[in-house]
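Numbering of residues begins at 1 and proceeds along the displayed sequence.
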Amino acid sequence: HRDKKRDKEKVKEKEKAKEKARDQDKEKERKWDRDKEKERERDKERNRDKDKEKDQEREKEQHKDRERVRDKDRDRDRDKDREKNKEKEKEKDREEVDQNKEKDDVTKEGEKDREIKDKEGDKDRGGKEDKEKEKDEKKEKEQEREKERDDKKKKEKRSRTPPRSYSSSRRSHSSSR
C-alpha cells in the first residue's frame, strides 16, 4: 500500500516537473518571441532613420540641381544682355560710319561740281559772276545739309534726355520773377 502511495507521489512529482519544464519552455519561447519582436522594431526604426537620411540627401541634391539650373539661367540671361549690348554698339558704329560716308559723299559731290564749273569757267571766261553765284548756292546747300544733320542730332539727344520735372521748372520760373 505504501509503495502504491509512493508511486503515485512520484508520478505526481514527475508530472509537476514536466508541467514546470513545459511552463519554462513556454516562457522561453515567449521571451524569444519578445526579443525577436524587439529586434524587428529596432530594424524598422533603423530603416526609418536610413530612409530619412536618404530623403534628406535627395532633398539636398534637388536643391543643388535647382541652384545649378538657376545659375545657368542667370548666366544665359547675362550672355544675352552682353550680346544685345554688342549689337547696340555695332549699330552705333554703323550709324557713325554711315554719317561719315554721307559727309564724304557731300564733300566729294562739292568737289566734282567745282571741277565741272572750273572747266566750264575756262570755256567762257566772262562768266565769273555765274561761278560765284553757283559757289554761293553750293555753300548754302552744304550749310543747309549740315544744319539738317545737326537738327537731327539735337532731336535724337532731346529724345534721350528726360523732360524736366514739374517742381524744377516751377523753381526756375519763380526765380526769374
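Atom CD of residue Gln99 and atom CD of residue Glu96 lie 7.0 Å apart, to the nearest 0.5 angstrom. With values rounded to the nearest 0.5 angstrom, Arg145 atom CZ is found 9.0 Å from Glu102 atom CD. The line from CD of Glu148 to CG of Asp151 is 7.5 Å long, rounded to the nearest 0.5 Å.
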Donor-acceptor contacts under 3.5 Å from residues 75-82 side chains, at least two apart:
unit_1	atom_1	unit_2	atom_2	d
Asp75	OD1	Arg78	NH1	3.3
Arg76	NH1	Asp73	OD1	3.2
Arg76	NH2	Asp73	OD1	3.1
Asp79	OD1	Arg82	NH1	2.9

Tabulate below the donor-acceptor pairs under 3.5 Å that side-chain atoms of residues 41-52 make, not counting sequence neighbours, or state none.
unit_1	atom_1	unit_2	atom_2	d
Arg42	NH1	Glu39	OE1	2.7
Asp43	OD1	Arg46	NH1	2.8
Glu45	OE1	Arg48	NH1	2.7
Asn47	ND2	Asp43	O	3.4

Identify every side-chain donor-acceptor pair in residues 84-94 under 3.5 Å, counting partners at least two apart or on other chains, and give the distances.
unit_1	atom_1	unit_2	atom_2	d
Glu91	OE1	Arg94	NH1	2.8

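Applying the side chain to side chain donor-acceptor pair (under 3.5 Å) definition to pairs two or more places apart or across chains, those involving residues 11-21 are Glu19-Arg22.
Salt-bridge check for Arg30 with Asp33: failed, with every basic side-chain N at 4.0 Å or more from each acidic carboxylate O. Looking at Glu109 and Lys141, no side-chain N of the basic residue comes within less than 4.0 Å of a carboxylate O on the acidic one, giving no salt bridge.
Arg34 places none of its side-chain heavy atoms less than 4.5 Å from the side chain of Glu37. Between Lys152 and Arg149, every side-chain heavy-atom pair lies at or beyond the 4.5 Å cut-off. Under the 4.5 Å side-chain criterion, counting only non-hydrogen atoms from C-beta, Arg66 is in contact with His63.
When the salt bridge (Lys or Arg N to Asp or Glu O under 4.0 Å) test is applied to Asp98, no partner is found at least two apart in sequence or on another chain. Residues passing the side-chain hydrogen bond (donor to acceptor under 3.5 Å, both in side chains) test with Glu144: none are found, sequence neighbours excluded.
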TODO: In sequence, state the C-alpha distance, the side-chain angles, and the governing distance for Asp71 and Arg68, and then conclude on salt bridge (Lys or Arg N to Asp or Glu O under 4.0 Å).
DONE: CA-CA 5 Å; Asp71 290 347; Arg68 270 187 229 117; over 6 Å; no

TODO: Could you walk me through whether Asp104 and Lys101 pass side chain to side chain contact (heavy atoms under 4.5 Å, CB included), step by step?
DONE: CA-CA 5 Å; Asp104 290 347; Lys101 277 186 184 175; 5.5 Å; no

